[in-house]
Amino acid sequence: MTPADTGAANDIPKHRYDARLANAIEQHWQDRWETERTFWAPNPHGLLADVNAERAALSKLYVLDMFPYPSGAGLHVGHPLGFIGTDVFARYQRMLGRNVLHAMGMDAFGLPAEQYAVQTGQHPRVTTAENIATYRDQLRSLGLAHDPRRGVSTADPSYYHWTQWIFLQIFESWYDADADRARPITELTAELDAGTRQPDDDGAAWSARDAAARRDYVDRHRLAYIDEAPVNWCPGLGTVLANEEVNAEGRSERGNFPVFKRPLKQWMLRITSYADRLIADLDRLDWPEPIKLMQRNWIGRSVGALVDFDVDGTDLSIRVFTTRPDTLFGATYMVLAPEHELVDKITPNEWPRCPQEWRGLFGAERSPRQAVAAYREFAAAKSELERTAEGRVKTGVFTGAYAVNPATGEYIPVFIADYVLMGYGTGAIMAVPAEDERDWEFAEEFSLPIVRTKQPPADFDGKAFTGDGPSINSANDEVSLDGLDVAASKRKMTDWLESSERGEPTVTYKLRDWLFSRQRYWGEPFPIVYDAYGPRAVPESMLPIELPDLFDFAPTVSDDPDALPAPPLARAENWVRVTLDLGDGPKEYTREVNTMPQWAGSCWYYLRYLDPTNEDAFVDPAVERYWAGATHGGAPTGMVDLYVGGVEHAVLHLLYARFWHKVLFDLGHVSTAEPFGRLFNQGYIQAYAYTDDRGFYVEAKDVVERDGGYFLDDAPVAREYGKIGKSLKNVVTPDEMIDNYGADTFRMYEMFMGPLDASRPWQTRDVVGVYRFLQRLWRVCIDEDTGEPHVDDQALDVDTARVLHRTIAAVRGDVDALGFNTVIARLFELNNHVWGIVESRGRAPRAAVEPLLLMLAPLAPHISEELWSRIGHSGSLAYEPFPVHDPALLVETTAEIPVQVNGKVRARITVAADADAAACEAAARADERIAELLAGKAVRKVVAIPGRLVNFVV
RNA sequence: GCCCGGAUGGCGGAACUGGCAGACGCGGUGGACUCAAAAUCCAUUGCCCGCAAGGGCAUGCGGGUUCGAUUCCCGCUCCGGGCACCA
């Protein structure tokens with residue numbers, strides 16, 4: 001310490017609230033909360049029922065954060081925004097008398113943990129444990145009031161035991177479309193055996209099938225099934241990925257490696273069975289509308305019709321899906337996806353009579369079969385990126401086959417083209433160029449006929465018309481749509497198709513079944529073994545199936561798109577080969593060597609928080625009912641009352657978790673139809689970054705603002721705005737903020753920056769505002785020189801009482817809406833008001849200070865607890881009742897209202913609060929300035945709203 | 001391209017159901033205290049004209065509805081996000 005510093009330190013009062021004192025207070029209270037088990041939320045019974053038992057009689061509130069991946073980098077100031085928000089809300093709700101469940105687990109399996117482990121060369125178990133410890137320390141220092149008993153880790157065998165158990169529930173179920181819910185698979189076999197249900201696969205009668213055929217049938221109906229389907233194979237990551245994990249450029253979301261479609265046998269979960277319910281139940285949820293919309297779009301329900309087109313010269317027909325059956329009369333050609341199974345069957349050996357353009361580039365010099373083969377090769381070789389880069393020029397080739405338009409009876413050519421996707425609808429379309437832009441482009445490219453079946457408006461520019469209008473050219477001997485609008489035409493055409501057995505109404509979805517296996521080490525092993533015929537479930541009694549300890553756990557990656565997946569677990573040969581008794585005597589089996597995707601653990605962690613130490617069940621049913629709210633009356637929709645997290649999980653995690661929850665609901669394991677009743681997306685904290693004249697990032701900390709510019713030393717630098725991270729050299733950590741100001745200041749600043757759902761820039765310069773507020777609050781209560789409290793029992797003057805009660809009313813309203821920034825503004829005002837009293841009278845009134853501390857406690861819990869205790873209370877204020885306002889003190893006797901002339905404010909007058917319109921007008925006219933402005937002018941109209949304003953129109 | 005969301009002082013932001021735009025904080029300016037500085041306290045601070053009284057202009061841009069619009073409607077611009085040949 002320099003002499004100057006020493007001198008300065010001597011001037012600062014001994015008991016000032018500075019970072020050093022704040023840190024001491026924070027340590028003290030964090031320790032005390034821990035030893036007194038302040039935030040242990042009791043269950044109604046069971047292992048977590050012994051402490052604070054009386055609170056289990058209160059009504060429950062479940063507040064949840066999207067739990068973090070414990071990466072090696074630790075937290076920066078952007079991470080805890082949502083965690084602090086939920087903590088404030090949860091602490092507030094405790095003071096309202098709720099039994100609040102708030103905990104923080106760790107999403108410990110998955111790619112980030114595995115990649116970090118691969119980089120550092122240590123076992124993921126070790127690095128994950130270290131990272132979790134770091135996260136826990138950082139989170140603890142923020143003063144978050146979690147129940148520490150419930151902070152599960154998904155990579156813990158006692159946790160994934162039950163992830164595997166839930167997988168078995170899914171595996172042992174099927175979807176009963178008639179009942180519209182999942183049911184145990186044993187009920188399906190029982191009904192088939194009893195003959196009360198017939199197989200739905202057009203095969204032999206159930207009684208005529210042998211054991212292997214029956215087992216195959218049942219396996220194909222499970223909610224978890226193995227399918228050889230085109231999957232997203234990513235050699236660069238050495239694993240397959242879900243559609244949701246592949247971006248528009250055909251690359252992996254993680255790592256940005258190329259992804260290839262190829263058929264592979266993989267585990268699939270039948271989420272498509274739930275498509276309708278996943279859409280319908282969104283209406284019951286208190287979620288942001290944009291998120292609901294994203295889920296609806298992702299599921300992509302569309303209503304339309306299936307139509308059959310007979311292929312000329314064969315007994316085959318092509319089935320298409322269309323949302324516009326009303327345009328069938330305008331279908332002048334057809335297109336199949338290049339991989340469509342009928343392509344080989346309908347393609348002739350020789351070209352029929354046809355325009356040369358139809359044969360295009362691929363068919364010019366070749367036979368139809370050669371042309372089709374050449375085009376298929378061309379289409380398969382294109383990456384998604386190339387397709388996008390081409391600007392969507394339509395390509396394709398005529399197959400040489402013709403089909404019959406069922407409405408017109410005309411022969412129309414059948415093409416293959418890559419603008420038709422195998423994965424959607426039937427992989428085949430009827431092309432109506434006049435009413436579809438893509439078909440129009442293709443028709444122009446290949447000189448195909450275009451027939452309008454909808455009358456476009458007079459000013460229409462001449463290309464495909466996709467709007468509404470009367471049908472034209474749409475009649476045959478049996479049906480006429482002419483003159484009808486789109487909706488009526490659709491109805492009439494669908495009826496005709498159905499009655500004439502040429503088609504039927506249907507619904508399709510963009511949503512695909514969920515690809516559920518990964519070729520990874522650091523994930524949950526499947527509770528599945530194989531015999532010669534296929535998969536067998538491992539019985540519950542043998543769970544958990546623990547991950548074997550591998551030395552080499554890295555995935556097998558490759559640049560070769562033809563490389564085959566090689567799961568790391570296959571290397572654990574002693575683990576893979578097992579002898580088990582699955583009820584029919586000891587036999588040899590092979591274990592499943594894929595692992596579950598990262599989403600598995602995060603699909604249900606909120607359920608394990610309820611009963612984390614239960615070894616007999618994933619959650620005790622009575623405990624589940626208590627936290628679902630089912631024991632408090634009413635019909636709860638969502639288990640969790642408030643779920644806060646980033647918008648990046650709008651579809652993936654939130655859709656998967658809803659799906660699992662609904663399966664568990666159908667099977668009677670949970671009592672709500674939805675997991676998350678209210679969802680809130682917190683914004684992001686970003687920060688400024690700076691580049692020097694060479695374009696390199698420089699440490700943002702060292703940059704100073706001067707004369708409207710930014711400088712590092714004396715060199716000017718350019719300012720950018722972006723994510724907080726090492727690459728932009730703009731990282732600010734909670735640890736340094738806590739060191740410099742204390743956790744309460746840090747929490748308050750994060751909450752004060754703006755509304756919780758908005759993104760905002762971090763500006764360390766602004767932190768001092770809330771720091772000053774806390775210092776002033778400290779001085780309101782404590783004499784800085786002596787450290788003694790100077791709060792007394794003086795009565796509140798009327799003015800102070802009004803300010804106090806207005807503040808209470810506003811704070812309650814704003815906290816409910818998670819409007820913490822305005823809560824803080826109100827508390828600043830109250831604190832400043834009380835400071836005025838301290839300045840004039842030397843002491844602060846207890847009647848104002850106590851409610852102020854109680855209202856501040858959720859936001860800045862440490863200083864609030866400390867002052868609460870210093871002014872004479874022995875216990876924690878965590879469960880003190882939140883202040884209640886006196887409505888009588890909010891009633892104003894007079895009101896100051898503006899007086900406008902022609903909409904411009906010209907004066908303000910004070911009237912009785914209950915003055916009627918006439919009285920307001922009279923008072924306004926009596927105002928000297930208004931009288932002057934109105935003198936000699938004819939008042940055309942007077943708008944007088946009692947208590948609001950008076951407006952004269954002249 | 002389609003679908004969402006946003007734009008308010010030098011900065012972060014506030015404003016209930018159409019009724020005083022700019023709460024609260026940062027920063028700035030002036031002052032008190034101090035040998036001085038820091039800290040603290042007080043005052044002031046949207047922009048323009050004016051000594052002042054006062055006036056004018058202002059919520060991305062252009063229109064509209066209304067006595068009155070940050071708020072509602074129409075048409076744009078820019079920024080952020082989602083989806084992307086889904087028949």
**Student:** Quick check: on RNA chain B, is the nucleotide nearest Arg826(A) upstream (toward 5') of the one nearest Arg779(A), or the reverse? Name the residue that is more 5'.
**Tutor:**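 Per heavy-atom nearest nucleotide, the more 5' residue is Arg826(A).
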**Student:** When you get a sec, tell me which of C41(B), G13(B), C26(B) is the closest nucleotide to the side chain of Arg772(A)?
**Tutor:** C26(B)
**Student:** Between G13(B), G68(B), A87(B), spot the one nearest the side chain of Pro755(A), thanks.
**Tutor:**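 Of the candidates, G13(B) comes closest.
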**Student:** In whole Å, what separates the P atom of G75(B) from that of U29(B)?
**Tutor:**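 My reading of the P atoms in G75(B) and U29(B) gives 47 Å.
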**Student:** Between A15(B) and U71(B), how far is it from one C1' atom to the other, in whole Å?
**Tutor:** 10 Å
**Student:** When you get a sec, tell me which of C67(B), A87(B), C20(B) is the closest nucleotide to the side chain of Val943(A)?
**Tutor:** C67(B)
**Student:** When you measure from the side chain of Val905(A), which nucleotide among G12(B), A21(B), G27(B) comes out closest?
**Tutor:**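 Comparing G12(B), A21(B), G27(B) against the side chain of Val905(A), the answer is A21(B).
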**Student:** Checking contacts here: which listed nucleotide (C20(B), G12(B), C4(B)) is nearest the side-chain heavy atoms of Leu293(A)?
**Tutor:** C4(B)
**Student:** Between A23(B), G68(B), C85(B), which nucleotide has the shortest distance from any of its atoms to the side chain of Glu829(A)?
**Tutor:**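 Output: A23(B).
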**Student:** Choosing from C83(B), A14(B), G19(B), which nucleotide comes nearest the side chain of Asn821(A)?
**Tutor:**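 Nearest to the side-chain atoms of Asn821(A), counting from C-beta on, is A14(B).
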**Student:** So what's A58(B) paired with, Watson-Crick or G-U wobble, going by both distances under 3.5 Å?
**Tutor:**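 Across all strands, not a single nucleotide pairs with A58(B).
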**Student:** Nearest to the side chain of Thr822(A) - C42(B), A21(B), A15(B)?
**Tutor:** A15(B)
**Student:** Taking a pair as Watson-Crick or G-U wobble with both distances under 3.5 Å, which nucleotide is matched to A69(B)?
**Tutor:**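 Answer to the pairing question: none, since A69(B) forms no Watson-Crick or G-U pair.
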**Student:** Watson-Crick or G-U wobble partner for U29(B), using a 3.5 Å limit on both distances?
**Tutor:**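 In the structure as shown, U29(B) has A43(B) as its Watson-Crick or wobble partner.
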**Student:** In Watson-Crick or G-U wobble terms, both distances under 3.5 Å, what is the partner of C83(B)?
**Tutor:** G1(B)
**Student:** When you measure from the side chain of Lys904(A), which nucleotide among C57(B), G12(B), C20(B) comes out closest?
**Tutor:** C57(B)
**Student:** If you measure only the distance, is there a donor-acceptor pair under 3.5 Å linking the side chains of Tyr509(A) and Thr272(A)?
**Tutor:**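 Short answer, no.
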**Student:** Name the pairing partner of A7(B), where a pair is Watson-Crick or G-U wobble with both distances under 3.5 Å, or state none.
**Tutor:**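 The answer is U77(B), by the H-bond criterion.
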**Student:** Suppose you measure atom P in C20(B) against the same atom in C78(B); what distance do you get, rounded to whole Å?
**Tutor:**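 It comes out at 33 Å once rounded to the nearest Å.
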**Student:** Output the single nucleotide from A15(B), G25(B), C42(B) whose closest atom is nearest the side chain of Asp766(A).
**Tutor:** G25(B)
**Student:** Determine the Euclidean distance between corresponding P atoms of C73(B) and C24(B); express it in Å to zero decimal places.
**Tutor:**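 Comparing P positions in C24(B) and C73(B) gives a spacing of 31 Å.
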